[in-house]
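What follows is one structure encoded as structure tokens, with my remarks underneath.
Index from 1, following the sequence.
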Amino acid sequence: RERAVNIDFVEGKPWRYDQLTAPFDFAVAKSETALERERIEVLAAQRPYYTREALVGEAAMDSFTTFYKRELHYIVDSELSKKITTQLHHIYDNGIIGSNDLARLSNDSISTIMLIEQYHAKPVKVEELYTVQQAYERLMAIDTTRWGRYALQHSNLNDYINPNIRYDASKSEAARSEALNAISPNSGVILKGQKIIDSGDMVGEEQYQVLISYRNELNKRIDEQGVQITLIGQILLVTLFIGAFVVYLINYRRSYLYERNKLLFLATQLMIFPVIASWIMTNGGALMIIPFAMAPVMVSVFLDSRTAFMTHLVITLVCSIAVPDPFVFVLLQLTAGIAAVYSLTELTERSQIFRVAIVAILCYSIVYFGYELITKSSLIAFNRGIFVHFLLNGVLLLFTYPLMLLYEKLFRFTSDVTLMELSNFNIKLLRQLSEEAPGTFQHSTQVSNLAAAAANKIGASSLLVRTGAMYHDIGKIEKPIFFTENQGTTNPHACLPYEKSAEIIISHVTNGLRLAEKHHLPEAIKDFIRTHHGRSKAKYFYISYKNEHPGEEVDEALFTYPGPAPHSLETAILMMADVVEAASRSLSEYTEENIANLVDRIIDGQVAEGNFTACPITFKDITDIKTVFKEKLRTIYHA
């Protein structure tokens, strides 16, 4: 909201805008360099002011007359006395200047002074004034005879020679100020309708000063209404940019609009970088050290690269409204941001952030270097300091990694780096699963392999589904012996009612969620735990109960998992892989036909039960998943 017009131009570079014609008359201000040069010339030509002190001469001659009458008449005759008096009159009329004043004039190379007499001043050459030494020599030259010279030497003439020309500091300073004030700050006038500069013309020294004067005059003419108009223009542009981003979300990423954490995350990115840029510019900092590429990298890691590019584009455009050189700013930021996003397809190692930083630095440097080659006629004119800013930008970009951990906590995201860390078998929870429920651990490993292969086939996140599969059954740690894969020769369900057995089996979901909460597992992993059975039933115990209680109404809630049903491709894949892998162990013969029939029967049954109605999976995806499962199981159980 500053009352200023932002017209950007650089001396020695082309004018980037359309032809500029003066909309009003304005004076062309002289440059500070030209004004300083003119001040120096004026001061050099300025003559200092001195005053003649008449009383000094009168007092000296009165003293000589008194001394002559009292003592000197014995050795100096009246004729010589008159000559001395006459010469003193002449000397004092010309003026005697002191040695200090003479030295100052010599140092400043001043040959003429302004001598004030009564109410006016006249120029007087310094060489016409007497020094004390010259005045004494002039008196001694009155009579060169032996007797006369003897008489002069004993007349104490030095006592009657005193400077009567004194420096007048106040009048000299006033004259200097008046001369400086008389310097015109303008070098000319541009009339309304006169062409100032054409598009593409080089901004020379003269044009640069005209443009500076035009911009200053334009800013003077801005009133409160002008500020409001500027603000309205900014609001329109920002609304357009943000609106375009919303349209993108509606058309291509509608789901983000209904997920509060993702929408808040995107809004934070759109706000925080313009705020930082504004603060930097307000405090006179270097704009190019701000790591704008951090925003698209974050969005790419937590969401997707397409949204990352759109976010970066909007941030850049919003900031460009206020930056000093918007064209160069947009050129640099878009190039570096795109390169950073597409150099980081998947973040699984910390070292990848270093690669992104190096790519960003190189992009900034190459693009700026190329732009300077276009706009500068000499390499000498290059702004080499900005490359240091690019280097600092890359260093600050390295802070993406620690900030990523903060964003994960704030917005409940799960990055690929976190998934890689969680999939490590040395994690305490997985080690406990392998020790206390080895069969379940083996089952989870097989399921993770099946699910990851299927995810790769249909374009889902293989890393996410693989990690989720490793934790989906951790609730079985509580009572591992009650699950088939961990049993030996005894089956504890043999002596339990069917509804009690179903309760124990179903409880591994709630037990798993409790363990996940205790070990601070991210929400994305908890989703696999709570959805891998959806709202299906513990069928063995449900059917067995019905067979033993024919005609009795069964409370289905006792045999139904709490759910909910899968709501993403990854959780849907895990549900399929979990049941298929477990059921495949019951086959008596692992033929290609048996495996195919098993996969088709189980997955078609899940589809028929409506387990996948809440997730964005297609029939083609399901067909591809079946194909992958069949191939993998044939490989696993090949004789």
Side-chain angles (χ1 to χ4, degrees), residues 261-262 264-305 307-320 323 329-330 332-368 385-422 463 520 522 524:
N261 63 329
K262 292 181 180 178
L264 186 59
F265 168 67
L266 290 172
T268 302
Q269 298 305 303
L270 291 175
M271 287 191 295
I272 193 168
F273 283 94
V275 168
I276 293 172
S278 174
W279 184 81
I280 287 285
M281 287 187 293
T282 303
N283 291 278
L287 187 67
M288 291 312 301
I289 69 171
I290 303 174
F292 286 95
M294 185 183 288
V297 168
M298 290 277 198
V299 177
S300 179
V301 168
F302 291 129
L303 300 180
D304 63 90
S305 57
T307 305
F309 169 72
M310 288 301 298
T311 305
H312 186 56
L313 176 62
V314 172
I315 290 171
T316 302
L317 291 176
V318 169
C319 291
S320 70
V323 299
F329 176 79
V330 171
L332 288 169
Q333 298 305 337
L334 283 187
T335 309
I338 293 170
V341 168
Y342 292 107
S343 66
L344 188 68
T345 53
E346 189 178 60
L347 181 62
T348 55
E349 299 174 5
R350 287 187 290 266
S351 60
Q352 289 173 292
I353 296 295
F354 284 91
R355 185 177 67 190
V356 170
I358 291 170
V359 168
I361 293 170
L362 288 176
C363 277
Y364 279 130
S365 302
I366 292 170
V367 171
Y368 185 79
I386 199 168
F387 292 100
V388 177
H389 297 168
F390 295 154
L391 185 62
L392 291 174
N393 187 300
V395 172
L396 291 175
L397 192 56
L398 296 177
F399 286 90
T400 302
Y401 190 81
L403 282 175
M404 201 176 293
L405 302 177
L406 177 63
Y407 275 112
E408 283 192 55
K409 300 298 182 185
L410 286 176
F411 299 104
R412 298 192 302 171
F413 287 137
T414 306
S415 67
D416 289 347
V417 174
T418 300
L419 292 175
M420 288 292 291
E421 292 172 351
L422 289 174
L463 183 57
H520 308 293

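- The shortest non-hydrogen separation linking C363 to A339 is SG-CB, 3.3 Å.
- Taking CD from Q269 and CG from L303, the interatomic distance works out to 9.5 Å, rounded to the nearest 0.5 Å.
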Between side-chain atoms of residues 290-300 and protein atoms elsewhere (two or more places apart, or another chain), which donor-acceptor pairs fall under 3.5 Å?
none

Begin with the C-alpha distance, continue with both residues' side-chain angles, and end with the deciding distance and a verdict on side-chain contact (heavy atoms from CB on, under 4.5 Å) for V301 and D416. CA-CA 7 Å; V301 168; D416 289 347; 6.0 Å; no

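- In this structure, the ring of F302 has its center no less than 6.0 angstrom from the ring center of F411.
- Scanning all heavy atoms of the two residues, the minimum distance from M288 to N393 falls at O-ND2, 2.9 Å.
- Taking OG from S305 and CD1 from I338, the interatomic distance works out to 11.5 Å, rounded to the nearest 0.5 Å.
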The test is side-chain contact (heavy atoms from CB on, under 4.5 Å); show your working for S415 and T418 and say whether it passes. CA-CA 5 Å; S415 67; T418 300; 3.2 Å; yes

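- Checked against side-chain contact (heavy atoms from CB on, under 4.5 Å), L398 has the following partners two or more places apart in sequence or in another chain: I353, F354, A357.
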Applying ring pair (Phe, Tyr, Trp, His ring centres under 6.0 Å) to Y407 and F265, what does each step give before you reach the verdict? CA-CA 8 Å; Y407 275 112; F265 168 67; 5.5 Å; yes

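- In summary, of the residues considered (L317, V318, T311), a side chain to side chain contact (heavy atoms under 4.5 Å, CB included) with V314 occurs for V318 alone.
- The CG atom of L264 sits 8.0 Å away from the CG atom of N261 when rounded to the nearest 0.5 Å.
- Evaluation of the side-chain hydrogen bond (donor to acceptor under 3.5 Å, both in side chains) rule for T400 yields no partner, not counting sequence neighbours.
- Taking all atoms of both residues into account, the shortest heavy-atom contact from A340 to V359 is N-CG1, 4.5 Å.
- Taking the side chain as every heavy atom from C-beta outward, I358 and R355 never approach each other to under 4.5 Å.
- Listed here is the closest heavy atom pair of V330 and T316: CA-CG2, 3.8 Å.
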